[in-house]
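These numbers were taken from a predicted model, which means no experiment stands behind them.
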Amino acid sequence: SARYIGDFAIRIFFNDGSDRLVDFKSFLESSLHPSIRKYLNEELFRNFEIIEGNLNWNDFDLIFPLSDLYEGKI
């Protein structure tokens, strides 16, 4: 599961009992691509789901595999 913490950070809870706080802000701010930068709109960013092992926004518009996030990779 995952919970939005604030300021573009999400706490992700994994099956093994561990959790990770992932800060997406620098990733979003450093991107030059408009389809990624639009998620600097906090209202859009907060609207994510976990689908098939991925953290997903807007029907796969922006997606991160949970396995990568577990390892600390964005």
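- Between Asn41 and Glu43, the closest heavy-atom pair is OD1-N, 2.9 Å.
- The side-chain contact (heavy atoms from CB on, under 4.5 Å) search around Glu42 returns Tyr4, Phe8, Arg46, not counting sequence neighbours.
- One distance of note links CZ of Arg3 with CD1 of Ile12; it measures 12.0 Å at 0.5 Å rounding.
- Donor-acceptor pairing under 3.5 Å is recorded for the side chains of His33 and Ser35.
- Residues passing the side-chain contact (heavy atoms from CB on, under 4.5 Å) test with Asn47: none are found, sequence neighbours excluded.
- Counting heavy atoms from C-beta outward, Asn56 and Ile50 have side chains that stay 4.5 Å or more apart.
- Heavy-atom minimum distance, Leu44 versus Trp57: O-CD1, 3.6 Å.
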Ignoring hydrogens and angles, write down the donor-acceptor pairs under 3.5 Å from the side chains of residues 58-74, residues two or more places apart or on other chains.
{"residue": "Asp61", "atom": "OD2", "partner": "Lys38", "partner atom": "NZ", "Å": "2.8"}
{"residue": "Asp61", "atom": "OD2", "partner": "Tyr39", "partner atom": "OH", "Å": "2.6"}
{"residue": "Tyr70", "atom": "OH", "partner": "Asp16", "partner atom": "OD2", "Å": "2.5"}

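- Separating the CZ atom in Arg20 from the CD1 atom in Ile10 is a distance of 15.0 Å, to the nearest 0.5 Å.
- Considering every non-hydrogen atom in both Lys25 and Asp23, the closest pair reads N-OD1, 2.9 Å.
- The side-chain contact (heavy atoms from CB on, under 4.5 Å) check on Leu21 picks up Ile5, Ala9, Arg11, with sequence neighbours excluded.
- The side-chain hydrogen bond (donor to acceptor under 3.5 Å, both in side chains) test applied to Ser30 returns no partner, not counting sequence neighbours.
- Counting heavy-atom neighbours within 6.0 Å of Glu29 CD, excluding the residue itself, gives a total above 12.
- No single ILVMFWY cluster, assembled from side-chain heavy atoms under 4.5 Å apart, contains both Phe13 and Val22.
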